[in-house]
Q: 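Here you go, one structure.
Each ligand, and each atom within it, is numbered from 1 in the order the structure gives. Model, not experiment: these values are computed from the prediction.
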Amino acid sequence: MGISLLNIWRRGLHTSSARLQMIQGSTPTKRICIVGAGPAGFYAAQLILKQLDDCVVDVVEKLPVPFGLVRFGVAPDHPEVKNVINTFTKTADHPRLRYFGNISLGMDVSLQELRNRYHAVLLTYGADKDRQLELENEQQGNVISARKFVAWYNGLPGAENLAPDLSGRDVTIVGQGNVAVDVARMLLSPLDALKTTDTTEYALEALSRSQVERVHLVGRRGPLQAAFTIKELREMLKLPNVETRWRTDDFSGIDLQLDKLQRPRKRLTELMLKSLKEQGRSSGSKQFLPIFLRAPKAINPGEMEFSVTELQQESAVATSSTERLPSHLILRSIGYKSSCVDSGINFDNRRGRVHNIDGRVLKNDDSGKVDPGLYVAGWLGTGPTGVIVTTMNGAFAVAKSICDDITTKIVDTTSMKPGYDTVGKRVVSWDGWRRINEFECEVGKSKGKPREKIVSIENMLQVAGV
Ligand code: FAD
Ligand code: NAP
């Protein structure tokens with residue numbers, strides 16, 4: 001850090017305050033606040049800024065740094081997916097957008113305060129918890145969520161001390177979504193392939209000492225219900241020095257159903273069948289072991305027990321048979337979960353999302369009526385599924401509703417609203433983020449990586465100059 005850190009900081013300081021003054025001076029009539037600087041927040045901002053030419057959009061983000069799961073979720077060896085950051089940066093450069101990093105809804109500001117200070121508030125703060133298996137021993141040290149493991153290798157502040165135990169041969173991943181496959185790939189990839197990515201230095205160091213040789217990817221349903229997609233499976237099948245082994249029994253009768261399947265599912269199933277057929281032709285010192293029709297039953301020392309299941313109308317039903325898998329480390333990858341960060345939010349605890357109709361949030365009472373001026377988009381509104389494009393389409397639709405409600409005066413914009421009051425807060429502006437970005441890229445360059453992420457919030461704030 002030291003001198004180069006300070007230089008980066010000094011270079012950008014003046015531009016951020018100039019921009020704030022410009023927006024404050026222009027007294028626009030409509031003020032919209034977006035909570036969360038992930039894909040949903042940025043795509044919504046993009047559409048709102050395009051459609052409403054007399055508005056200011058303020059984006060309030062918990063972390064000093066933007067981009068949500070694009071920075072802290074998307075796998076480091078998928079840099080092309082992160083190109084959406086360029087679009088988000090263009091949106092952030094818009095003269096009527098302000099970025100308030102390091103401000104957390106529920107901690108630094110309440111929903112009521114935001115509603116008093118803005119004509120409309122859009123919640124897009126995502127899903128930062130994970131679903132549990134509800135099994136005894138789930139809190140043991142060798143059982144961790146895929147969410148935490150992903151956060152660890154991606155440098156989410158607070159995840160750096162996870163210390164996953166990679167000293168055993170067998171890892172069991174519960175769940176067969178794309179997150180599970182990302183995690184399996186990170187565990188089985190040759191280290192050289194990861195060294196040139198933005199995987200955090202401490203994770204690379206831990207992975208270099210990894211003794212993991214076999215990764216079981218366990219699903220409670222059958223091959224036709226696997227939640228991973230073809231591109232991600234193809235990548236696994238191509239990993240050098242990794243042999244994929246399917247269980248022939250899992251595929252009994254599957255080929256007879258091919259003709260009934262929709263095209264993407266058909267292609268995925270054909271790929272699994274092809275790989276099964278070619279099984280044993282190549283070898284590797286590591287193994288990727290997808291296993292179907294096994295539902296989590298118990299966590300025992302050094303192993304995980306599963307019920308053998310049968311499918312009944314696509315649902316997994318446990319039989320009396322069980323199977324035990326050696327499992328030094330267990331990664332639970334059964335989905336993320338949103339949380340309620342402010343008591344003013346009408347949160348559906350059962351479904352883990354904000355109560356809404358097409359992005360319009362319902363009043364926090366039992367009336368079932370829409371609360372004008374309050375919206376939700378992204379995983380917080382839909383639940384934790386969908387790729388970035390899905391999130392984009394949803395966010396565009398909600399943003400359009402916001403513009404429509406303002407234009408048709410369902411949302412009253414006649415009174416002046418002051419916007420967020422930053423006095424006494426350590427707020428990271430967009431220029432502050434630029435300084436962090438420059439710093440990370442500079443440090444990364446010297447190591448042959450696209451960036452070396454700063455993990456400590458305090459260091460981020462220092463580099464940002466706040
Ligand atoms: P998020 O991206 O989670 O953004 C929410 C933002 O809100 C974050 O910046 C967060 O810090 C902020 N926030 C949280 N709490 C508060 C608060 N209290 N106050 C203020 N701000 C707050 N999709 C693809 O298309 N390709 C991929 O390769 C891919 N890989 C993925 C890998 C993983 C591990 C995961 C979990 C998902 C992946 N996805 C991928 C899906 C994609 O990441 C999501 O569709 C998308 O990020 C959801 O966007 P969002 O804005 O709803 O939430
Ligand atoms: P997901 O796709 O919903 O997969 C969750 C998995 O967990 C499913 O296999 C599900 O099985 C299983 N599961 C759920 N509850 C379970 C339980 N109690 N016991 C056993 N298994 C259980 O979720 P995800 O993997 O977290 O991914 C979230 C979203 O991000 C997805 O849309 C995904 O495509 C996207 N993403 C994309 C990429 C990419 O494009 N490369 C990478 C990562 C994530 P059932 O089907 O039986 O419920």
Q: Distance below 4.0 Å between atom 23 (O) of ligand 2 and any protein heavy atom?
A: no
Q: Among all protein non-hydrogen atoms, which one is nearest to atom 31 (C) of ligand 2, and what is the separation to 0.1 Å?
A: Gly386 N, 3.8 Å
Q: Look only at interatomic distance and state if Tyr336 has a nitrogen or oxygen under 3.5 Å from any nitrogen or oxygen of ligand 1.
A: no
Q: Before we go on, tell me: are the rings of Tyr118 and Tyr420 under 6.0 Å apart, centre to centre?
A: no
Q: Would Leu105 count as a polar contact of ligand 1, with the cut-off being nitrogen or oxygen pairs under 3.5 Å?
A: yes
Q: Quick one: which ligand 2 atoms are inside 4.0 Å of a heavy atom on Asp182?
A: 42 (C), 43 (C)
Q: Can you find a protein heavy atom closer to atom 39 (N) of ligand 1 than 4.0 Å?
A: no
Q: Does the separation of the ring centres of Phe100 and Trp430 fall below 6.0 angstrom?
A: no
Q: If I apply the N/O under 3.5 Å rule, does Asp182 come out as touching ligand 1?
A: no
Q: Any protein heavy atom under 4.0 Å from atom 14 (C) of ligand 2?
A: yes
Q: Surrounding NZ of Lys286 (heavy atoms of other residues, nucleotides or ligands, distance under 6.0 Å), is the total greater than 12?
A: yes
Q: Assess Trp379 for proximity to ligand 2: is some non-hydrogen atom of it under 4.0 Å away?
A: yes
Q: Quick check: Val70 and ligand 1, any N/O pair under 3.5 Å apart?
A: no
Q: Run the contact test for Asp128 against ligand 1 with a 4.0 Å cut-off on heavy atoms, strictly below, and give the result.
A: no
Q: If you measure from each non-hydrogen atom of Ala226 to ligand 2, which part falls under 4.0 Å: side chain, backbone, both or neither?
A: neither
Q: Below 6.0 angstrom between ring centroids: does that apply to Phe251 and Trp246?
A: yes
Q: Is the shortest N/O to N/O distance between Lys62 and ligand 1 below 3.5 Å?
A: yes
Q: At a non-hydrogen distance cut-off of under 4.0 Å, which region of Lys231 contacts ligand 2 (side chain, backbone, both, or neither)?
A: neither
Q: Which bit of Val60 is near ligand 1, meaning a heavy atom under 4.0 Å away: side chain, backbone, both or neither?
A: backbone
Q: Checking a contact table here: which protein heavy atom is nearest atom 25 (O) of ligand 2, and how many Å away?
A: Val179 N, 3.2 Å
Q: With atoms numbered from 1 as shown, which atoms in ligand 2 lie under 4.0 angstrom from a non-hydrogen atom of Pro296?
A: 19 (N), 20 (C)
Q: May I ask you to list the atoms of ligand 2 that are less than 4.0 angstrom from any heavy atom of Gly177?
A: 2 (O), 4 (O), 6 (C), 9 (O), 25 (O)
Q: Quick test of your reading of the structure: of Ile103, Val81, Asp77, Val387, whose heavy atom lies closest to atom 28 (O) of ligand 1?
A: Val81
Q: Would you say the side chains of Glu303 and Asn300 form a donor-acceptor pair under 3.5 Å?
A: yes
Q: Considering non-hydrogen atoms of the protein only, which is the closest contact for atom 17 (C) of ligand 2, and what is the distance?
A: Arg220 NH1, 3.3 Å
Q: With a cut-off of 4.0 Å, which atoms of ligand 2 are near a heavy atom of Ser333?
A: 6 (C), 7 (O)
Q: Checking the N or O distance criterion of under 3.5 Å, is ligand 1 in contact with Leu69?
A: yes
Q: Give the single entry among Thr385, Asn178, Thr229 that approaches atom 37 (C) of ligand 2 most closely by any heavy atom.
A: Asn178
Q: If we only count N/O pairs under 3.5 Å, is Ala75 in contact with ligand 1?
A: no
Q: Specify whether Phe228 and Phe292 have parallel, tilted or perpendicular ring planes, treating 30° as the upper limit for parallel and 60° as the lower limit for perpendicular.
A: tilted
Q: Under a 4.0 angstrom heavy-atom cut-off, which atoms of ligand 2 come close to Arg221?
A: 45 (P), 46 (O), 47 (O)
